[in-house]
Amino acid sequence: MKVYFKLLLTLSIGISIISCGEKKETDATGNPINQAKTSVNQTPKELGKELFEGKGMCATCHKADQKIVGPSIKDISKIYTDKGASISLFLQGETDPIVDPSQYEIMKANLEITKAMTEAEVQALETYMLSIK
Ligand code: HEC
């Protein structure tokens, strides 16, 4: 009888732990569910970062402050700021390269991605890149 009671106790504790765990509203990655709201209220800089590292695949060739395949974001940001030029116009294929024109062919292919983006998305990419100093 004692053993039976112990088993029952263990079982009920077990169940209460499981149901307690279910009450937490988290998604598969463990983030609170209501975080979805913040992606709607994303700032342009946050959207730009997301596009830069995600859909745009820009991060494969551009690192914040190190030249890899492409110039660092810092270098691009500095040159565009110094010259008062527009990154978004470049990404829309409307202006010529000013950072490293000799390597432009490698960058040019990516303009197909950015030209297909909305004005807001391209602006967000510019905001993000210029925020890196
Ligand atoms: C395959 C590698 C590669 C990828 C991917 C890439 N870039 Fe580049 N990018 C380059 C290279 C190389 C240059 C230097 C040539 C140049 O200045 O045009 C460059 C230059 C640039 C410049 C400076 C252009 C100028 O005025 O000279 C900007 C701005 C830029 N990239 C933004 C982006 C963005 C935004 C993305 C993602 C949509 C991206 N790049 C993806 C290789 C890449």
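- A donor-acceptor contact shorter than 3.5 Å is absent between the side chain of K55 and the backbone of F52.
- Considering only heavy atoms from C-beta on, Y128 stays 4.5 Å or farther from I87 through its side chain.
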Q: Go through the steps to decide whether L89 and Q92 satisfy the test side-chain contact (heavy atoms from CB on, under 4.5 Å), and finish with yes or no.
A: CA-CA 5 Å; L89 285 180; Q92 284 165 328; 4.0 Å; yes
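- Taking NZ of K78 as the start and NZ of K83 as the end, the distance is 10.5 Å to the nearest 0.5 Å.
- When every heavy atom of P44 is checked against every heavy atom of A124, the shortest pair comes out as O-CB, 3.3 Å.
- A heavy-atom distance below 4.5 Å is not found between the side chains of T114 and F90.
- The nearest pair of heavy atoms linking E126 to S86 is OE1-OG, 3.8 Å.
- Note on Y104 and I113: same hydrophobic cluster, where clusters join Ile, Leu, Val, Met, Phe, Trp and Tyr whose side-chain heavy atoms are under 4.5 Å apart, directly or indirectly.
- The CD atom of E46 lies 12.0 Å from the OG1 atom of T127; values are rounded to the nearest 0.5 Å.
- Heavy atoms only, all atoms of each residue included: G93 and K115 are closest at CA-CE, 4.2 Å.
- For the atom pair CG of L47 and CD of Q42, the computed distance is 5.0 Å after rounding to the nearest 0.5 Å.
- Taking SG of C58 as the start and CD1 of I73 as the end, the distance is 8.5 Å to the nearest 0.5 Å.
- Contact check for Y80 versus I98: side-chain heavy atoms found under the 4.5 Å cut-off.
- The nearest pair of heavy atoms linking V122 to L91 is CG1-CB, 3.9 Å.
- One finds the OG atom of S72 at 9.0 Å from the CD atom of Q66 (value rounded to the nearest 0.5 Å).
- Counting non-hydrogen atoms of other residues, nucleotides and ligands closer than 6.0 Å to NZ of K63 gives a total above 12.
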**Q.** Intermediate values then yes/no, side-chain contact (heavy atoms from CB on, under 4.5 Å), N110 and H62
**A.** CA-CA 12 Å; N110 301 290; H62 296 287; over 6 Å; no
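- Under the 4.5 Å side-chain contact rule for hydrophobic residues, M57 and M107 share a cluster.
- Remark: side-chain polar atoms of D82 are not paired, donor with acceptor, to backbone N or O of I79 under 3.5 angstrom.
- Scanning all heavy atoms of the two residues, the minimum distance from T81 to L130 falls at OG1-CD2, 3.8 Å.
- If you take CD on E53 and CG on L51, they are separated by 10.0 Å, rounding to the nearest 0.5 Å.
- Within 6.0 Å of the NZ atom in K67, the count of heavy atoms belonging to other residues, nucleotides or ligands exceeds 12.
- Taking each heavy atom of S88 and Q123 in turn, the nearest pair found is OG-NE2, 3.5 Å.
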Q.
Set out, in order, the CA-CA distance, both residues' side-chain angles and the distance that settles side-chain contact (heavy atoms from CB on, under 4.5 Å) for L125 and M117, then state yes or no.
A. CA-CA 10 Å; L125 278 174; M117 287 182 179; 3.7 Å; yes
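- Between the side chain of S77 and the backbone N or O of I132 there is at least one donor-acceptor pair closer than 3.5 Å.
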